[in-house]
Amino acid sequence: MTDIRVRIAPSPTGPLHIGTARTALFNALYARHTGGTFILRLEDTDVARSTVAYETDILEGLHWLGITWDEGPDAAGGEDRGPYGPYRQMQRLERYAAATAELLARDLAYPCFCTPDELNADRKAQEAAHLPPKYVGRCAALTAEERAVRQAEGRPAAIRFRVQPGVVGFEDAIRGRVEIDTSNLGGDFVIVRGDGTPLYHFTVVVDDAAMEISHVIRGEDHLSNTPKHILLFRALGHAEPVFAHLPLILNADRTKMSKRKSQTAISDYIAEGFIREALVNYLALLGWSTGSEEEILGFDDIAARFDLDHVQKGGAVFDRERLEWLNGQWIRRLEDGDLVARLLPFLEAEHAAGRIDRTPTADDVRVLLPMIRERLPILGAVGDLVGFLWIDRLVVDPAILVPKRWDVATAQAGLVAAREVIAGTGAVSFEADELEPPLRALAEARGWKAGDLFMAIRVAVTGRTATPPLFDTLVALGRERALARLDAAIERLKEGAPR
RNA sequence: GCCCCCAUCGUCUAGAGGCCUAGGACGCCACCCUUUCAAGGUGGAGAUCAGGGGUUCGAAUCCCCUUGGGGGCACCA
């Protein structure tokens, strides 16, 4: 029996991308479902674009999502875990060098001295002739002497892998049989740069072979590259893994999801207040389904049901509305203490941004939970929702202080009367139940619609027309502050009468 | 240009020859609930299953073609 070993191989050349997170998730789910091993390997051979900051963002993002791996580095710059290390490609250079030497010795690869200019000229000529770009093979048949001459001239040599004529076929776990003629591969391809650093197509195969990866689950954008990988596996004398190409996540215009057209960084979603449960749930259902109508599922529920058979073949448009809905569903399911803990950082951020005057305590937030929980599509909305509670000097726009059916005089009279009622209430205890009846009675006595009176009070004490329930809000504010805000609003109406 | 992949409501999807006059969810609309906003409830609009040929007693499901879309063709990953 062969052990199932899958991996995610991110490149620290950008922040954790939605697509990478999804691929990581599918691999993790497959490993958990089958009892296999999930590996994380850093593909950092593009030294020019790789940074530690990105590495940190990627690893922390995956951790944040609750995705765990069995082998590989846990933290940026941290130590590897696992028997197949190192798990950073820049620390595996000697292995690529050894593999290169072997291919060279068997003449399966050869040094290429072509300059960028020559290559560009070739490409241009091909383009002009409406031919597909392809390496012309200028250095493919160089004699030992010719190579020696060029080497003596100090010309840098890249290493190219020889692509032999034929058809490469494989059984994709999601798409079925795929066959590609090697004549469409673009000729002998480079596996090692002129500066000696190895390229992706090469390192990925050397490592997948060395790490005994059994299933390569990755994005469909790699489908056309798979023959190259298979050729390399064969040249290296290693059995090829099972390939499974996931459908792409798309922009609204159905092109491959990109930073340009969509929000792709997981960190941005985290910053907005999407929670891991929702993101995992959403991402898992993008391109995969249980085959049933279940849809609110946690990681373990999904892992228990996960299979490659139900993976969709067509690309899936990223639908933020649906993500938000799922986020709301999960926020409603969080335990009180958990929700409070997750909300606090957002309130601290509101404070730091100067939108509120202090950061509330956990207890402050906890008592508000019943009135805010189902009004939060994302955690970041908390400031807008109840930030008025922690503002010292609330400035209310007089334009919204007067309810639609009322005029300024009525609004003023309403607020004055309401202030009196509220002042007369709760000298001992200030509770929602004690506030509502007298205020309703007031509206009744004056012939006002209760809703209009409540709206005037609402705006006076919160500065907003959409808020949590009024009486709970008044209680949360406290009697003194509620009265002070009513006074301020009454003053405000006296000052400038809005039209 | 060449090669490869794909194709069910606007979106995510169920569907593996008869259970489909195509189901669910998001979004949208209406109503209910209601002090606003949400949440929740009920109902509705929304897909001739891209089009055309086959195969079959019978096709969204199998085959072929067309069309459309996407991806890949780097000394990026």
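Just so it is clear, the structure is predicted and the values come from calculations on it, not from any experiment.
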Value in whole Å for how far the [atom2] atom of [N] lies from [atom1] of [X]:
X        : N      : atom1 : atom2 : answer
A:Glu295 : B:rG27 : CD    : P     : 11 Å
A:Trp325 : B:rC26 : CH2   : P     : 5 Å
A:Ile400 : B:rU35 : CD1   : C1'   : 16 Å
A:Leu442 : B:rU35 : CG    : C1'   : 14 Å
A:Leu326 : B:rG24 : CG    : P     : 18 Å
A:Leu368 : B:rA38 : CG    : C1'   : 16 Å
A:Phe170 : B:rC4  : CZ    : P     : 12 Å
A:Arg375 : B:rG40 : CZ    : C1'   : 12 Å

Between [N] and [M], how many Å separate the two [atom1] atoms, rounded to a whole number?
N      : M      : atom1 : answer
B:rA16 : B:rU11 : P     : 23 Å
B:rA45 : B:rG23 : P     : 11 Å
B:rC49 : B:rC75 : C1'   : 47 Å
B:rC33 : B:rG40 : C1'   : 8 Å
B:rA50 : B:rU8  : C1'   : 10 Å
B:rC64 : B:rG69 : P     : 22 Å
B:rU61 : B:rA7  : P     : 11 Å
B:rG18 : B:rC62 : P     : 12 Å

For a quick check of understanding: with a heavy-atom distance under 4.0 Å over all strands, which category does [X] fall into, base, sugar-phosphate or nothing?
X        : result
A:Pro469 : base
A:Arg332 : sugar-phosphate
A:Glu179 : sugar-phosphate
A:Leu131 : nothing
A:Gly287 : sugar-phosphate
A:Phe471 : base
A:His17  : nothing

If pairing requires Watson-Crick or G-U wobble contacts with both distances under 3.5 Å, which nucleotide is the partner of [N]?
N      : result
B:rC75 : none
B:rU36 : none
B:rA25 : B:rU11

Are side-chain N/O atoms of [X] and [Y] paired as donor and acceptor at under 3.5 Å?
X        : Y        : answer
A:Glu295 : A:Gln329 : no
A:Asn251 : A:Thr255 : yes
A:Ser292 : A:Thr290 : yes

Table please: side-chain donor-acceptor pairs of residues 461-470 of chain A below 3.5 Å, with sequence neighbours left out.
residue  : atom : partner  : partner atom : Å
A:Thr462 : OG1  : A:Arg458 : O            : 2.7
A:Thr462 : OG1  : A:Arg464 : N            : 3.0
A:Thr462 : OG1  : A:Arg464 : O            : 3.2
A:Arg464 : NE   : A:Asp384 : O            : 3.2
A:Thr467 : OG1  : A:Arg458 : NE           : 3.0

Under 30°, 30 to 60°, or over 60°: which ring-plane class applies to [X] and [Y], parallel, tilted or perpendicular?
X        : Y        : result
A:Phe243 : A:Phe233 : perpendicular
A:His201 : A:His229 : tilted
A:His222 : A:Tyr200 : tilted

Self-check item: Any A:Gln329 side-chain nitrogen or oxygen under 4.0 Å from OP1 or OP2 of B:rG40
Solution: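 Affirmative; the distance criterion is met.
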Exercise. Report yes if a side-chain nitrogen or oxygen of A:Gln312 is closer than 4.0 Å to either non-bridging phosphate oxygen (OP1 or OP2) of B:rA14; otherwise report no.
Key: yes
Quiz item: Mapping A:Asp181 and A:Phe454 to their closest nucleotides on RNA chain B, which lands nearer the 5' end?
Solution: A:Asp181
Exercise. Do nucleotides 71-77 of chain B as a string where each nucleotide becomes B, S or -: B if the base has a protein heavy atom under 4.0 Å, S if just the sugar-phosphate does, - if no protein is that close.
Key: BSSSBBB
Quiz item: Taking N and O atoms by type only, does the side chain of A:Arg458 place a donor or acceptor under 3.5 Å from a partner on the base of B:rU35?
Solution: yes
Exercise. Please evaluate the base of B:rC5 for a donor-acceptor partner in the side chain of A:Arg175 within a cut-off of under 3.5 Å?
Key: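 A donor-acceptor contact between them is absent.
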Practice problem: Cation-pi check, A:Arg320 to A:Phe318: give yes when NZ or CZ is under 6.0 Å from the six-membered ring centre and within 45° of the ring axis, no otherwise. | Solution: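 No - A:Arg320 does not lie over the ring of A:Phe318 by the 6.0 Å and 45° rule.
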Exercise. Mind listing the closest non-hydrogen atom pair of A:Tyr282 and A:Asp319 along with its distance?
Key: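 Distance-wise, the nearest heavy atoms are OH-N, 2.7 Å.
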Below 3.5 Å, can you tabulate the donor-acceptor pairs from side chains in residues 155-162 of chain A to any protein atom, sequence neighbours excluded?
residue  : atom : partner  : partner atom : Å
A:Arg155 : NH2  : A:Phe113 : O            : 2.9
A:Arg160 : NH1  : A:Asp188 : O            : 2.8
A:Arg162 : NE   : A:Asp107 : O            : 3.0
A:Arg162 : NH1  : A:Ala140 : O            : 3.0
A:Arg162 : NH2  : A:Asp107 : OD1          : 3.0
A:Arg162 : NH2  : A:Ala140 : O            : 3.1

